[in-house]
Amino acid sequence: MSSSGRTLAGIRDSITSETRIAALTGAGISAASGVPTFRGGPDSLWENERPKDLATPEAFRRDPEKVWRWYDWRRGVVAGCEPNAAHLALPRLHEACAGVTIITQNVDGLHQRAGSPEVLEFHGSLWTLRCTACGHEERNEDVPLDLLPACPACSGLLRPGVVWFGEGIDTRIMRASALAATACDLFLVIGTSGLVHPAAGMAMMAGKAGAEVVEFNLEQGGVSAWVDLFVAGSADETVPGLVP
Ligand code: OAD
């Protein structure tokens, strides 16, 4: 129970067909599917690699093959994973209320595979390739990829269609996310350390605009101090408890 006396069951019981919900999700929601997280635990990605060597425009300019090998490996891992009970709960919740808009920092595509219809990919997608020369974008699900991939339009070098450190968020995604955060009644924060901005700021924005904020995580993180309810546990076990 929270300091305000709210419980997960109480929040679940107050959801009606009028309730608008937005959810900020992070690597933790996909952990039970077998996708590695970035932080926490000896197998997490940034325990073993430095972001500046793999997830910056400079790293890609310096050594595109190294960066592509890492992304190709991650595509292969995700291709072998299935959405878990937390991903699957969100489209059921969408049906039970006025709609769930998902703002995901994940690039794995598991929300879409679970059937969620409104997904804003804040940090892009592993399954999109973008030309570094002409900007052409395409969806590509080849595993493994033929490295280094070339643009079919201009033969330029294709890069992963993800947002790297030092890059801005697509303005259309940013606007739609801010709108969802400020227009919702209930804002869910699921499986994110809440350390990377501007994504983490969406939760604060939602709270300031009057939404009730509920966090699902194994442990407290960057936004936990001011959420209305913190639900401890693995997201695949806790998030389904919100579905009426
Ligand atoms: P992190 O890896 O930083 O954090 C994962 C969070 O999930 C932590 O708070 C864990 O406690 C929590 N967690 C782990 N397993 C869980 C489970 N089974 N159930 C619930 N929670 C669990 O992932 P993000 O917050 O998504 O950005 O990271 C944010 C961004 O940092 C990523 O999008 C990526 C990364 O660098 C870029 O690459 C630009």
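Keep in mind that this is a model prediction, so the values were computed, not measured.
- Side-chain contact between Gln105 and Leu24 is present, with heavy atoms from C-beta onward closer than 4.5 Å.
- Checked by atom type and distance alone, the side chain of Asp170 pairs as donor or acceptor with a backbone atom of Ile173 at under 3.5 Å.
- Among pairs with a residue in residues 82-104, those fulfilling salt bridge (Lys or Arg N to Asp or Glu O under 4.0 Å) read Glu82-Arg113, at least two apart in sequence or across chains.
- At a threshold of 4.5 Å between non-hydrogen side-chain atoms, the residues Val227 and Val214 do not count as touching.
- There is no side-chain donor-acceptor pair under 3.5 Å between Ser44 and Thr37.
- Nearest heavy-atom pair, Arg139 versus Ser125, reported as atom, atom and distance to 0.1 Å: NH1-OG, 4.5 Å.
- With sequence neighbours excluded, no residue forms a salt bridge (charged side-chain N to carboxylate O under 4.0 Å, His left out) with Glu47.
- Not a single ring pair (Phe, Tyr, Trp, His ring centres under 6.0 Å) links Trp226 to another residue, sequence neighbours left out.
- Enclosure of atom CG in Asp13 by more than 12 non-hydrogen atoms of other residues, nucleotides or ligands within 6.0 angstrom is indicated.
- Side-chain N/O atoms of Ser224 and Glu215 include a donor and acceptor closer than 3.5 Å.
- A pairwise comparison of heavy atoms in Leu242 and Phe216 identifies CD2-CZ, 4.1 Å as the closest pair.
- In terms of heavy-atom proximity, Ala235 sits nearest to Ile190 at CB-CG2, 3.9 Å.
- Without hydrogens or angle criteria, His136 side chain to Cys131 main chain gives no donor-acceptor distance under 3.5 Å.
- Using a 3.5 Å distance cut-off with no hydrogens or angles, the side chains of Glu121 and Gln112 do pair a donor with an acceptor.
- Phe60 and Trp164 have tilted rings, their planes meeting at an angle from 30° to 60° on a 0 to 90° scale.
- Residues Leu195 and Arg39 are in side-chain contact: their nearest non-hydrogen atoms beyond the backbone lie under 4.5 Å apart.
- If you chain together hydrophobic residues whose side chains sit under 4.5 Å apart, Val67 and Val163 never meet in one group.
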### Query
Yes or no on side-chain contact (heavy atoms from CB on, under 4.5 Å) for Phe230 and Asn217, after CA distance, side-chain angles and deciding distance?
CA-CA 8 Å; Phe230 180 84; Asn217 203 308; 3.9 Å; yes

### Task
Take Arg6 and Glu212 through the salt bridge (Lys or Arg N to Asp or Glu O under 4.0 Å) test and state the conclusion after the steps.
CA-CA 10 Å; Arg6 291 286 265 168; Glu212 187 160 33; 2.8 Å; yes

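- Sorted by first and then second residue, the ring pair (Phe, Tyr, Trp, His ring centres under 6.0 Å) pairs involving residues 23-54 (not counting sequence neighbours) are Phe38-Trp46, Trp46-Trp70.
- Considering every non-hydrogen atom in both Ile15 and Cys97, the closest pair reads CG2-CB, 3.9 Å.
- With contacts defined as side-chain heavy-atom distances shorter than 4.5 Å, the pair Leu126/Tyr71 qualifies.
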### Task
Step by step, work out the side chain to side chain donor-acceptor pair (under 3.5 Å) result for Ser30 and His87.
CA-CA 8 Å; Ser30 296; His87 297 108; 3.2 Å; yes

### Query
Yes or no on side chain to side chain donor-acceptor pair (under 3.5 Å) for Ser33 and Asn84, after CA distance, side-chain angles and deciding distance?
CA-CA 6 Å; Ser33 295; Asn84 65 56; 3.0 Å; yes

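- Not a single donor-acceptor pair under 3.5 Å links the side chain of Asp72 to the backbone N or O of Pro144.
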### Task
Begin from the C-alpha positions of Arg130 and Leu158 and carry the test side-chain contact (heavy atoms from CB on, under 4.5 Å) through to its verdict.
CA-CA 5 Å; Arg130 188 167 73 246; Leu158 293 170; 5.9 Å; no

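- Ile102 contributes atom CD1, which lies 9.5 Å from atom CG of Leu188 (distance to the nearest 0.5 angstrom).
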### Message
Between Val189 and Met202, does the side-chain contact (heavy atoms from CB on, under 4.5 Å) criterion hold? Intermediate values first, please.
### Response
CA-CA 10 Å; Val189 184; Met202 293 293 147; over 6 Å; no

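- Taking the salt bridge (charged side-chain N to carboxylate O under 4.0 Å, His left out) definition, one finds that Glu138 meets it with nothing, sequence neighbours left out.
- Side-chain atoms of Val77 and Pro36, non-hydrogen and from C-beta on, do get closer than 4.5 Å to each other.
- Contact annotation: the side chain of Cys134 approaches that of Cys151 to within less than 4.5 Å [non-hydrogen atoms, C-beta and beyond].
- By the criterion of side-chain heavy atoms lying less than 4.5 angstrom apart, applied directly or through intervening Ile, Leu, Val, Met, Phe, Trp or Tyr residues, Trp73 is grouped together with Trp68 in one hydrophobic cluster.
- To the nearest 0.5 Å, the span separating OG1 on Thr132 from CG on Leu157 amounts to 4.5 Å.
- Taking hydrophobic clusters as Ile, Leu, Val, Met, Phe, Trp and Tyr residues chained together by side-chain heavy-atom distances below 4.5 Å, Phe187 shares a cluster with Met174.
- Between the CG atom of Leu229 and the CG atom of Leu186 there is a distance of 10.0 Å, given to the nearest 0.5 Å.
- By the neighbour-count criterion of 12 heavy atoms within 6.0 Å, atom CZ of Arg175 is sparsely surrounded, having that number or fewer from other residues, nucleotides or ligands.
- The hydrophobic cluster containing Leu147 also contains Val78, counting ILVMFWY residues as joined when their side-chain heavy atoms lie under 4.5 angstrom apart, directly or transitively.
- A salt bridge links Glu167 to Arg159: at least one charged side-chain nitrogen sits closer than 4.0 Å to a carboxylate oxygen.
- Ion pairing between Arg50 and Asp53 holds under the 4.0 Å rule for side-chain N and carboxylate O.
- Contact of the Asn106 side chain with the Ile29 side chain is registered, since non-hydrogen atoms from C-beta on lie closer than 4.5 Å.
- In terms of modelled atom types and a separation under 3.5 Å, the side chain of Asn140 and the main chain of Leu129 share no donor-acceptor contact.
- Here the shortest heavy-atom pairing between Gly109 and Trp127 reads N-NE1, 4.4 Å.
- Judged purely by atom type and a 3.5 angstrom limit, Arg20 has no side-chain atom pairing as donor or acceptor with the backbone of Gly99.
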### Query
Is there a side-chain contact (heavy atoms from CB on, under 4.5 Å) between Arg74 and Leu45 once you walk through the steps?
CA-CA 10 Å; Arg74 288 178 61 197; Leu45 299 173; 4.1 Å; yes

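- Residues passing the salt bridge (charged side-chain N to carboxylate O under 4.0 Å, His left out) test with Glu237: none are found, sequence neighbours excluded.
- Residues Leu93 and Pro244 form a side-chain contact, since some pair of their non-hydrogen atoms from C-beta on lies under 4.5 Å apart.
- To the nearest 0.5 Å, atom CD1 of residue Ile103 and atom CD of residue Glu118 are 11.0 Å apart.
- When all heavy atoms of Thr19 and Ser14 are compared, the closest pair comes out as OG1-O, 4.0 Å.
- Note that CD1 of Ile21 is 10.0 Å distant from OG1 of Thr101, once rounded to the nearest 0.5 Å.
- A donor-acceptor contact under 3.5 angstrom links the side chains of Thr25 and His111, judged on distance only.
- The hydrophobic cluster containing Val196 does not contain Leu218, counting ILVMFWY residues as joined when their side-chain heavy atoms lie under 4.5 angstrom apart, directly or transitively.
- Between the CG atom of Asp108 and the SG atom of Cys81 there is a distance of 8.0 Å, given to the nearest 0.5 Å.
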